[in-house]
Amino acid sequence: MIDNDGRPTRTTPQADSVVALVDAASGVEREVIGAWIAAGGLAGEIDSDAPVTQVDLDAKALIKRLVNRRDDPLVVPVRVLWLPPERDGVRRVTFADLAMLTNPRKPNRLVQRRLLRTHPDRHQVLVGAPARLSELRTNYPEAAALLRSGSPDAFARSVLRAAVVALERAERTVIGDRYKVPQLVAEEILDSPEFQRKLDYIADEFGSDPAHVHRSAEKALRELVAAQSRLVSDLFTQAMRPVHASTWKVDTDLGGLDALRSLNRKYPLVFLPSHRSYVDAFVLGDVLARNDFPPNHVIGGANLNFWPMGPIARRTGTVFIRRSFGDDEVYKAVVEEYFAYLLSKRFNMEWYFEGGRTRTGKLRPPRYGLLNYLAAAVRSGRVEDVMLVPVSITYERLNELGAIASEQAGGKKKPEGIAWLARYVRSQQHSAGRVYVRFGEAISARERLGTHGDPLGERPETIPLHDTATGATKVPDESALSETERKAVQRLAFDVAVRINTVTPITVNALVTLALLGVHERALTLGQVRTVLDPVLGYIDRRGLPAGELSKLRDEQGLQVVLEQLALAGVVTVYRGGLEPVYSIEPGAHLEAAFYRNSAVHWFVNRAILELAALTAVEQPGDDPLRAAWRAAFALRDLLKFEFFFPEREEFADQIIEEVRVIVPEWDENTPDDRLDQQFLSALTESGFVMAHRVLRSFFDAQLVVAERLVDRPADAVIDRKEFIDECVAVGKQMLLQQRLHSPESVSTELFTSAWKLADNHNLIAPAEPGGEDDLIARRNEFAQQLRDLGERIARAASLDPSNRNSL
């Protein structure tokens with residue numbers, strides 16, 4: 001048996017009597033267990049010859065024959081485990097096993113009898129960890145108190161849950177950790193005295209009927225709890241594997257998985273993957289299942305809870321959470337309690353902390369809501385620690401990019417449903433290269449949240465508090481978090497994002513689209529593409545950056561294959577009518593191409609900032625060049641802070657200095673500290689490539705559209721964000737036709753939304769206070785002019801790039 005914290009209790013085999021809690025679903029199973037006990041099977045397991053009483057594992061039977069006993073028997077749960085046929089050394093249910101119209105893990109009575117005769121290896125009797133009846137009463141003191149007061153139901157249910165969990169643990173030693181599933185979750189949570197007090201407090205606080213609040217909580221909990229099934233998990237994995245297995249070759253970091261398996265023996269894991277595709281959860285789930293990890297509880301949006309996917313997904317561990325809780329305090333309490341329960345029982349979890357699929361290819365800003373619930377569980381002491389696992393899932397090609405690009409250009413997202421699912425599955429039936437699954441270094445939530453061993457942390461009022469005077473429990477609220485606590489959660493999310501980026505490999509398509517997007521509308525021959533890529537490949541090697549199969553790009557045959565595959569995907573167009581084929585971005589496919597490039601763009605942002613900072617220093621004679629360069633670098637960092645994850649100023653400065661040393665290795669020895677001149681700029685261009693226009697131009701062009709639309713708004717006007725973004729899309733298309741923007745990739749609702757956040761951060765959105773109109777107008781104009789000047793500087797940087805010279 002186990003205690004209420006999920007830990008094994010000390011066994012005491014020396015006992016005067018033994019009670020076998022028989023978990024049998026049929027007479028056949030009861031016969032098997034009875035014969036096994038009579039043959040001395042249980043005596044051998046517990047090393048005791050004490051007489052055995054068999055009691056059905058049922059609450060009513062427990063009340064009648066166990067919980068009121070005066071003696072102290074040893075309580076031992078037993079069950080018959082049925083196994084699927086073994087295939088290639090693995091026992092897993094397949095669709096072929098269902099031909100007998102019964103679940104091989106739960107065969108019907110007739111099939112059980114046949115299996116006993118023909119396949120005795122397909123069953124065995126499981127024994128859960130035993131415990132004294134007195135130990136069970138100690139482990140569940142509040143339920144035992146109810147027992148003493150004449151209400152045995154709660155104690156009987158606690159014994160039943162403990163027995164089921166003990167049997168589940170024993171079963172996983174046979175079938176593997178990938179089949180770890182929670183049992184009787186809703187019942188255990190609803191029976192929790194602390195949770196009941198919390199609901200009573202809500203009822204009192206809001207003047208509601210306590211019975212109504214408890215019913216609402218039970219309804220929300222049963223809507224929320226993922227009722228996992230081993231059968232459905234096996235079949236669903238088998239059914240969905242072709243969706244990605246026929247499309248991508250999965251390239252997994254097995255070393256990272258070994259380290260996580262070791263951590264998972266002590267702590268629950270929360271996987272936080274990057275989110276680029278609907279298929280992400282299937283890819284990661286398959287990787288974990290193949291490596292014997294228990295299934296994650298995947299937190300999903302209600303938009304995917306449609307028939308038949310919703311009911312099936314819930315049976316495989318998906319938890320569908322409402323996207324907005326509003327003022328529903330009962331639902332908030334239920335979600336928080338469910339999170340804490342799963343973590344305290346060491347069930348692994350998974351959610352996509354960006355809040356949705358990226359539309360640009362790079363990481364989106366994180367959402368903090370679910371991390372706040374995790375933080376509450378850690379601070380409350382319900383769980384010793386939680387290890388957050390940054391996961392990068394990177395695709396060489398994605399077949400769903402057309403729909404994503406359409407949304408970014410102002411199109412409407414098609415609602416998910418059965419017809420959408422059929423179209424999506426059909427679209428995946430084309431080979432798309434590799435998908436790279438990489439695991440970043442796990443992060444201790446306790447360390448990052450600053451609790452350092454104190455289960456209550458510095459601010460106990462941010463967790464549920466029991467009020468001894470009223471018997472109520474205060475309800476935590478995100479708005480009640482201190483500024484320090486909010487920043488701790490934000491830093492935690494930032495660290496996750498940085499570690500995802502740190503292990504994200506640079507793919508062949510990321511580099512090829514980087515090359516072609518950087519030459520505007522020009523087409524390049526195969527040799528010219530190699531001329532662009534060769535110095536970039538050298539730069540990647542010098543920095544030791546993670547990479548995919550970049551060796552393909554080092555010879556013309558491999559590079560040609562990559563280009564032709566992009567042409568088949570509709571991202572690249574090929575003209576073959578001249579002396580040799582030439583390649584360019586397909587008209588109308590710039591957003592798709594930018595998606596591939598942006599999956600690796602974070603590796604080149606500092607280089608691009610350095611280029612623009614150096615150009616600023618050279619163009620400002622009379623000023624201290626080095627000081628001017630640093631001012632420019634920090635100003636660029638500020639403009640891009642809603643697009644990329646930058647470290648603190650000091651670490652950012654160190655990273656820029658490292659970029660300098662990559663370009664001029666002898667910089668520290670031969671260059672005075674106060675100089676940054678044309679010689680450095682020459683060394684930069686002689687490196688063979690310039691990144692500023694390839695990496696940053698689209699972001700600054702989008703910011704310019706937002707800035708100019710703000711200039712045209714009255715200073716006292718209230719601006720509706722959605723209407724404003726729609727206007728930016730329309731005006732951005734016009735500016736593109738007028739060649740005021742460089743590329744269609746700048747006309748993106750995602751980029752305009754980030755630019756809106758930047759403008760709001762600079763206090764350029766809210767209407768001016770009376771008397772402050774002139775100041776707001778001046779600051780909006782200054783912001784727009786800054787971006788125009790920056791656009792001109794990027795154009796000058798582009799002119800230094802060898803790929804934009806006639807000699808290419």
Side-chain angles (χ1 to χ4, degrees), residues 362-363 440-441 491 494-495 497-504 506 514 535-547 600-697 699-700 786 790 793-794 796-798 800-802:
K362 65 180 183 60
L363 283 182
E441 183 182 356
R491 284 194 299 270
F494 176 89
D495 288 345
V498 169
R499 296 191 186 198
I500 290 175
N501 277 339
T502 299
V503 296
T504 297
I506 303 170
L514 178 80
V536 180
L537 291 169
Y539 171 84
I540 292 169
D541 289 342
R542 285 194 300 277
R543 287 192 57 193
L545 303 182
V601 73
H602 59 280
W603 289 118
F604 308 111
V605 169
N606 285 350
R607 162 81 181 218
I609 287 175
L610 174 61
E611 293 167 357
L612 294 177
L615 194 59
T616 300
V618 170
E619 291 177 346
Q620 294 181 354
D623 195 358
D624 178 343
L626 198 58
R627 186 165 310 195
W630 279 119
R631 279 201 306 268
F634 285 118
L636 291 165
R637 173 179 174 271
D638 179 71
L639 288 172
L640 295 166
K641 64 186 177 184
F642 289 97
E643 296 291 356
F644 302 102
F645 295 91
F646 292 108
E648 298 295 333
R649 287 172 65 93
E650 185 175 345
E651 185 179 349
F652 172 73
D654 291 340
Q655 291 177 355
I656 294 297
I657 291 171
E658 287 302 313
E659 286 289 343
V660 172
R661 291 177 179 140
V662 171
I663 297 165
V664 185
E666 65 280 6
W667 177 263
D668 292 326
E669 293 79 13
N670 300 332
T671 306
D673 290 340
D674 61 347
R675 291 187 58 199
L676 187 66
D677 54 18
Q678 186 67 46
Q679 183 179 359
F680 174 79
L681 206 60
S682 298
L684 191 151
T685 56
E686 288 170 6
S687 67
F689 68 96
V690 174
M691 279 291 176
H693 62 295
R694 301 181 187 280
V695 171
L696 301 181
R697 179 180 256 155
F699 302 104
F700 290 133
Q786 179 187 9
L790 190 52
R793 187 167 295 121
I794 290 175
R796 289 194 291 275
L800 301 174
D801 188 14

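In this model, no donor atom of one side chain and acceptor atom of the other lie less than 3.5 Å apart for T504 and R499. For the residue pair N606/E659, the side-chain donor-acceptor check at 3.5 Å is not satisfied.
With sequence neighbours left out, the ring-ring contact (aromatic ring centres under 6.0 Å, His included) criterion links F642 to no other residue. Applying the ring-ring contact (aromatic ring centres under 6.0 Å, His included) criterion to F689, with sequence neighbours excluded, gives Y539. Applying the salt bridge (Lys or Arg N to Asp or Glu O under 4.0 Å) rule to R637 yields no partners; only residues at least two apart in sequence or on another chain are considered.
Across A608 and L696, no two heavy atoms sit closer than the pair CB-CD1, 3.6 Å. In terms of heavy atoms, A617 sits closest to A628 at CA-CB, 4.3 Å. The shortest heavy-atom contact between L615 and A797 is CD2-N, 3.8 Å. Here the shortest heavy-atom pairing between D801 and G688 reads OD1-O, 4.3 Å. Residues R607 and L684 approach most closely at NH2-O, 3.7 Å, considering heavy atoms. A653 approaches W630 most closely through the heavy-atom pair O-CH2, 3.5 Å.
To the nearest 0.5 Å, atoms CG (L639) and CD (Q786) are separated by 4.5 Å. Within the model, atoms CD1 of I794 and NE2 of H693 stand 10.0 Å from one another, a figure rounded to the nearest 0.5 Å. D654 CG to E648 CD: the interatomic distance, rounded to the nearest 0.5 Å, is 12.5 Å. Atoms CZ and CD, from R796 and E619 in turn, are 4.0 Å apart once rounded to the nearest 0.5 Å. Going from atom CD1 of I609 over to atom CD1 of I656 covers 5.5 Å, rounded to the nearest 0.5 Å.
For K641 and F646, the positive end is not near the middle of the six-membered ring at less than 6.0 Å and at most 45° from its axis. Annotation: cation-pi pair R694/F604 absent, no NZ/CZ under 6.0 Å from the ring centroid and within 45° of its normal.
Electrostatic pairing of R543 and E658 does not count as a salt bridge here, judged by no charged N lying under 4.0 Å from a carboxylate O.
F634 and F652 have tilted rings, their planes meeting at an angle from 30° to 60° on a 0 to 90° scale.
Proximity of a side-chain donor or acceptor of E611 to a complementary backbone N or O of M691 within less than 3.5 Å is detected. Remark: side-chain polar atoms of H602 are paired, donor with acceptor, to backbone N or O of N501 under 3.5 angstrom. With K362 contributing its side chain and E643 its backbone, the two residues share a donor-acceptor pair below 3.5 Å.
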Show, in sequence, the C-alpha distance, side-chain angles and deciding distance for L790 and L636, and conclude whether the side chain to side chain contact (heavy atoms under 4.5 Å, CB included) test is met. CA-CA 9 Å; L790 190 52; L636 291 165; 3.7 Å; yes
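Annotation: side chain of L363 is not in contact with side chain of F644 (no heavy-atom distance under 4.5 Å). The shortest distance between side-chain heavy atoms of L640 and F700 falls below 4.5 Å.
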